[in-house]
Amino acid sequence: MLAGARAASISQSELENHDVIKERVLHGLLFASACVAVLGLVLIFAFVAVRGVPIFAKAGVVQMLSSTDWSPMDGRFGILSFIVGSFAVTVGALLLGAPLAVGAAIFLSEIASPRVRSIVKPAVELLAGIPSVVYGFFGVIVVVPQVRALLGGSGFGLVSGCIVLAVMIVPTIAAISEDAISSVPRGFREGSAAMGATQWQTIKNVVLPAARTGIVDAVVLGMGRAVGETMAVLMVLGNAPVIPRGPSDPASTLTSIIILDMPYASGDHQTALFGIGLVLLLLSMSFVAAIRILSRSRKAR
Amino acid sequence: MRQRPDTRLRAAGIALIVVAAASLLIPPAGCSRQEAVKTLNISGSTTLLTMTEAAGQLFEEKNPGVRVMVQGGGSSVGIEDAANGTADIGTSSRDLAEEEKDLGLVDHKVAIDAICIIVNPSNSVSNLTTEQAAGVFRGRVTSWNQVGGDDSPIVLVNRDEASGTREAFWKKMLDKQPFDRYAVILPGTGQVRSVVANARDAIGYISVGFVTDDVKTVSISGVSPTKGNVVAKKYGLSRSLHYFTKGDPKGLAKQFIDFVLSSQVQEEIVGVEFVPVNE
């Protein structure tokens, strides 16, 4: 800001030639970085599609998406159980994590004193930066034995997966919801208070409705993170290639099966893993698209 | 007038960032020059991991300037890595599959292993017939009281498909019939052991080399998985453990394989976990 003020104070004539060149070079560099991002996306999509599409042609799209029989060694490539597994852990993680995260966000922006906030907020942000394999360790060492003690069985399965994922998506959802809630104009709250509403009534009837769309965005982003998460899920989910019959059954997700099989897969099996990657890519793109459509319809209104 | 050094500073900062980013992309060329170490890359079976690491360490001590890098991943990974040259030696706890036989791999048997069925130490079952064991792992037998134990559901722990142990178990114990698909799948021998050690109703299978007091081995039709029973060929769930090389081994790989097959290593390192090949 200071630099901006200074820059404004220099007249055009003061800018020497090499400053203009510098500007151009900077523009070029920044443009190149933007291109790299786009190029990366295009290349990744093209690469995964080229490697993955043949399996859909060979095994049949409907057959692959509707069958649960994953026996790559025998040439059967049903991936329905992985799709169901991905959805099951994602929905479970959202049910556990989203209320917690939104609660934390409300607390941070509406209730917490500046001192408490200065401790809790960085803690939530730090939680977002923990590598997922560490969450996996936490899952194996803490969550799995607790689930085993509670539900019996091995402890590896949907419940453990959902709990670990829920912890992982809380910071994402909390941080973005908190932004949304904080950006509700102060006047809304003052108006509500002036009409005699209590703090809870204000939060419930004024602040949350005003921040609703931002919170929805946050939840969708958390959903995207949950669907794409691999390592932590792989470590606690039990990895059985089946549709789980109950909450304590092991399951697999689109991501975990890729990690598990990739090191040794060859031929059609490998192609099938790229096919799974393609399904995953389309799935997470549709999440992003969902956010876009949501925010566009909001603007239109 | 004062912003001149300021912009220059900023330009220098940007340049620094660009250089730093670029240096991350370009691998440092100087590294290989200063290190005159020869590296032997080994990857594959998690069953053979500890033994190979121990032998590798001793080999490093006896041959200064040599680094032996040992990685897991599973037998299929070892075979794949040896075939495509990623590893000098690929370790495997299974034989080559039909489609792997024309990869030009040379087999070196380095140890004989027994696969043990393991249960939690608190489990009262200590013997299973072959049929019972196969029934359990196929998902036909689902409660411990069907095989003489408590009235509690059996928790099956299986290995992933890259596992040579799984392959051997499937061939010899299940007669190539499919495993129960609802079994928990864990990607390592050590994990199977730790889960069985902690979950009361769990059952799994691991190489004899990994059996500790945390788990209890189960006799199969009255024969327990002891070294004596393996040598006498009484215990059926035994198999050879292999090192594979692409073509005949040369240089370091050959030295290392000869070293592992030497009577000292066979006795002191291989023999701790498995049965030496010459017995």
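Quantities reported herein were computed from a predicted structural model and do not represent experimental measurements. Chain A is the first sequence line, chain B the second, and so forth, proteins listed ahead of strands; every chain is numbered from 1.
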Under 4.5 Å to a heavy atom of chain A? For B:Val155 that would be side chain
Margin query: Set out, in order, the CA-CA distance, both residues' side-chain angles and the distance that settles side chain to side chain donor-acceptor pair (under 3.5 Å) for B:Ser45 and B:Ser92, then state yes or no.
Written below: CA-CA 5 Å; B:Ser45 166; B:Ser92 168; over 6 Å; no
Here the gap from A:Arg225 atom CZ to A:Leu165 atom CG, rounded to the nearest 0.5 Å, amounts to 9.0 Å
Against chain B, residues from residues 235-255 of chain A with at least one heavy atom under 4.5 Å, in numeric order, are A:Gly238, A:Asn239, A:Ala240, A:Pro241, A:Val242, A:Ile243, A:Arg245, A:Asp249, A:Pro250
- Message: Show, in sequence, the C-alpha distance, side-chain angles and deciding distance for B:Thr52 and B:Thr91, and conclude whether the side chain to side chain donor-acceptor pair (under 3.5 Å) test is met.
- Response: CA-CA 9 Å; B:Thr52 306; B:Thr91 68; 5.4 Å; no
Practice item. With side-chain contact (heavy atoms from CB on, under 4.5 Å) as the test, would you mind laying out the steps for A:Phe87 and A:Val227 before giving the verdict? Key: CA-CA 7 Å; A:Phe87 269 105; A:Val227 166; over 6 Å; no
Rounded to the nearest 0.5 Å, the CD1 atom of A:Ile276 sits from the CG atom of A:Leu278 at a distance of 11.0 Å
With sequence neighbours left out, the residues meeting side-chain contact (heavy atoms from CB on, under 4.5 Å) with B:Leu49 are B:Glu53, B:Val70
Most heavy-atom pairs under 4.5 Å with chain B, out of A:Gly152, A:Ala149, A:Gly155, A:Gly153, belong to A:Gly153
Most heavy-atom pairs under 4.5 Å with chain A, out of B:Asp180, B:Val195, B:Asp201, belong to B:Val195
Heavy-atom nearest pair, B:Ile154 first then B:Val141, reads CD1-O, 3.8 Å
Those residues of residues 71-87 of chain B that come under 4.5 Å of chain A on a heavy-atom basis, listed by number, are B:Ser76, B:Val77, B:Glu80
dist A:Ile44:CD1 -> A:Leu39:CG (nearest 0.5 Å) comes out at 10.0 Å
When every non-hydrogen atom of B:Lys171 is compared with those of B:Lys176, the smallest separation belongs to CG-CE, 3.7 Å
Looking only at B:Glu99, B:Glu161, B:Arg200, the option with the highest number of non-hydrogen pairs under 4.5 Å against chain A is B:Glu161
Between B:Pro249 and B:Thr245, the two heavy atoms sitting closest are CD-OG1, 3.7 Å
In terms of heavy-atom pairs under 4.5 Å with chain A, the winner among B:Ala202, B:Pro187, B:Ser194, B:Ala183 is B:Ala183
Thinking salt bridges, do A:Lys58 and A:Asp268 make one under a 4.0 Å N-O criterion?
yes
OH of A:Tyr135 to CE of A:Met231, rounded to nearest 0.5 Å, is 15.5 Å
Bottom line for B:Asn198: the part with an atom under 4.5 Å from chain A's heavy atoms is both
Review point. Any side-chain heavy-atom pair from B:Phe169 and B:Phe179 closer than 4.5 angstrom?
Key: yes
Residues B:Ser126 and B:Lys216: closest non-hydrogen pair is CB-NZ, 3.9 Å
Heavy-atom nearest pair, A:Gly92 first then A:Cys162, reads CA-SG, 3.6 Å
Most heavy-atom pairs under 4.5 Å with chain A, out of B:Ala97, B:Pro178, B:Ser152, B:Ala162, belong to B:Ala162
The interface call for A:Thr68 against chain B, heavy-atom contacts under 4.5 Å, is backbone
Scanning both residues in full, the closest heavy-atom pair of B:Asp150 with B:Ser143 reads O-OG, 4.2 Å
Of A:Gly157, A:Ser154, A:Ala265, the largest count of non-hydrogen pairs under 4.5 angstrom with chain B goes to A:Ser154
Note to self: Measuring only between side-chain heavy atoms, which start at C-beta, is B:Trp144 closer than 4.5 Å to B:Asp151?
What the structure shows: no
Among residues 70-78 of chain A, those lying within the under-4.5 Å heavy-atom range of chain B are A:Trp70, A:Ser71, A:Met73
